[in-house]
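For reference, the structure is listed below as structure tokens.
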There are 2 protein chains.
Amino acid sequence: MKRKPAKEYTTEQQLPRLGTSPYLKLMERTASSDTNLNSAHLGLIMLWTGDNILDMVDIDLAAFDITESKLDLLLLLSLHADQELVTPSSIADRLGIRRSSVTALLIWLEKKNLIVREPYAKDGRMTHVRISAEGRTLVNQILPTFWSTCASLVDELNKEEQAVFQKVLVKLNASLEKRLGSGR
Amino acid sequence: MKRKPAKEYTTEQQLPRLGTSPYLKLMERTASSDTNLNSAHLGLIMLWTGDNILDMVDIDLAAFDITESKLDLLLLLSLHADQELVTPSSIADRLGIRRSSVTALLIWLEKKNLIVREPYAKDGRMTHVRISAEGRTLVNQILPTFWSTCASLVDELNKEEQAVFQKVLVKLNASLEKRLGSGR
DNA sequence: CTCCTATAGTTAGATTATCTAATTACATTG
DNA sequence: CAATGTAATTAGATAATCTAACTATAGGAG
């Protein structure tokens, strides 16, 4: 969760915007000799951009009183609604977080009646989790805005730029998911 | 903060990896008619990638017992070390967070002797914040790894891909920073 | 020169998303 | 059937954020 200060006061004294170049100079001075500076620069901008994108999405979802993590989980349940068994463990595994973290999310979602937890008859230790009708309704309310926010992220890019960007990004993301061992 | 499960147990039953296509199908069904689906798709992948990149960097920084937010602040102080006056307010303004959030970060950093807070003589309400010698040492220890992590993010891409990617990314990030009103 | 108000910083208290460790309950297997 | 493994939860912690309230100082209006 981050950003979106409503404006506290307008401060008089300010720090100047330095831009990218001081970071690059610092990098030149402090990077190990076997680090490719161009790649590092690119990675840094990617990191900053990722941060900004997360912020944008958070801000938009705030209107629906939900966070990206929770929407993520609801979508996961949506897309696996046909599965006989969806347990907190398997959710944790898929999301790359601990079971206890999933429990916390589920408690919140259940309190709002967005999901249902049902004991699993075939194995008394397990619980089946599914999205509720209310949950589906909420998701359907959120998604049009969510997709339009996603689209707006890359608004500035023209068709051609989008095309090359997409190609490279898909490759990049695949490699990251592989390295993290996580992914959809 | 996210991800990095050490492995709790290996769960037997798992949720299948669905990949991107069910998300796209869902999008086709639920996006408003004035949303460009290609753009939305691209934005979605961008969001996922951003998430993964954040995770990678977090994991690497964890070894130094510091988080991205805190390193960010230390770098900010580093780069403004020549300024006569750097206040919590101006930091909050630059980082796009509230003053009270900055206070929390500063308390942590000060406890570890990474920064120094000095009363500002010319205005008794203000405090000048600067990075300490210890802080500078830590930053110098972290940066080589940090840059190499940044570089490794885009390892998979060849020279040519990096070049187009960079061009588009810079443009994209500039537009996001403008929209968020934040930025370096 | 004193009083009001604006500003800077902090504190108090809350939320969200994580984690680890401990606990509870059920299942399996020797 | 007792020991051990697994699923889920609970308890308690940390990090990063927020809003609201508070304290202290500054600066201007009488």
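Computed from heavy atoms alone, side chains included, the values below leave out hydrogens, waters and symmetry copies. Below, read A as the first sequence line, B as the second, and so on, with proteins coming before strands; counting in each chain starts at 1.
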Short side-chain N/O contact to C/dG9 OP1/OP2 from B/Ser89, under 4.0 Å: yes
Cluster overlap B/Val57 with B/Ile59, hydrophobic side-chain contacts below 4.5 Å: yes
Distance-only polar pair, side chains of A/Gln14 and B/Asp93, donor-acceptor under 3.5 Å: yes
Phosphate contact (C/dA17 OP1 or OP2) by A/Ser69 side-chain N/O below 4.0 Å: yes
Spacing between A/Leu85 atom CG and D/dT6 atom C1', to the nearest angstrom: 14 Å
DNA chain C contacts among residues 117-127 of chain A, heavy-atom distance under 4.0 Å: A/Asp123, A/Gly124, A/Arg125
Under 3.5 Å donor-acceptor, B/Thr149 side chain and B/Thr145 backbone: yes
Whole angstrom value for the distance that separates P of D/dA15 from CD1 of B/Ile107: 13 Å
Nucleotide D/dT17, atom C1' - distance to CD1 of B/Ile91 in whole Å: 16 Å
d(CG, B/Leu106; P, D/dA15) in whole Å: 15 Å
Donor-acceptor contact below 3.5 Å, side chain A/Ser132 vs main chain A/Asn113: yes
For atom CD of B/Glu110 and atom C1' of C/dG9, their distance in whole Å: 13 Å
Any B/Thr103 side-chain nitrogen or oxygen under 4.0 Å from OP1 or OP2 of C/dT10: yes
Rounded distance in Å - CG (B/Leu109) to C1' (D/dA15): 12 Å
Transitive ILVMFWY cluster of A/Ile107, excluding itself - 4.5 Å side-chain cut-off: none
Flag, side chain of A/His80 to backbone of A/Leu76, donor-acceptor distance under 3.5 Å: yes
Nearest-angstrom distance from the residue atom CZ of A/Arg98 to P of D/dT14: 18 Å
Flag, side chain of B/Asn173 to backbone of B/Leu169, donor-acceptor distance under 3.5 Å: no
base_contact_polar (C/dT18 base, A/Ser100 side chain, donor-acceptor, <3.5 Å): no
Nearest-angstrom distance from the residue atom CZ of A/Arg99 to C1' of C/dA22: 12 Å
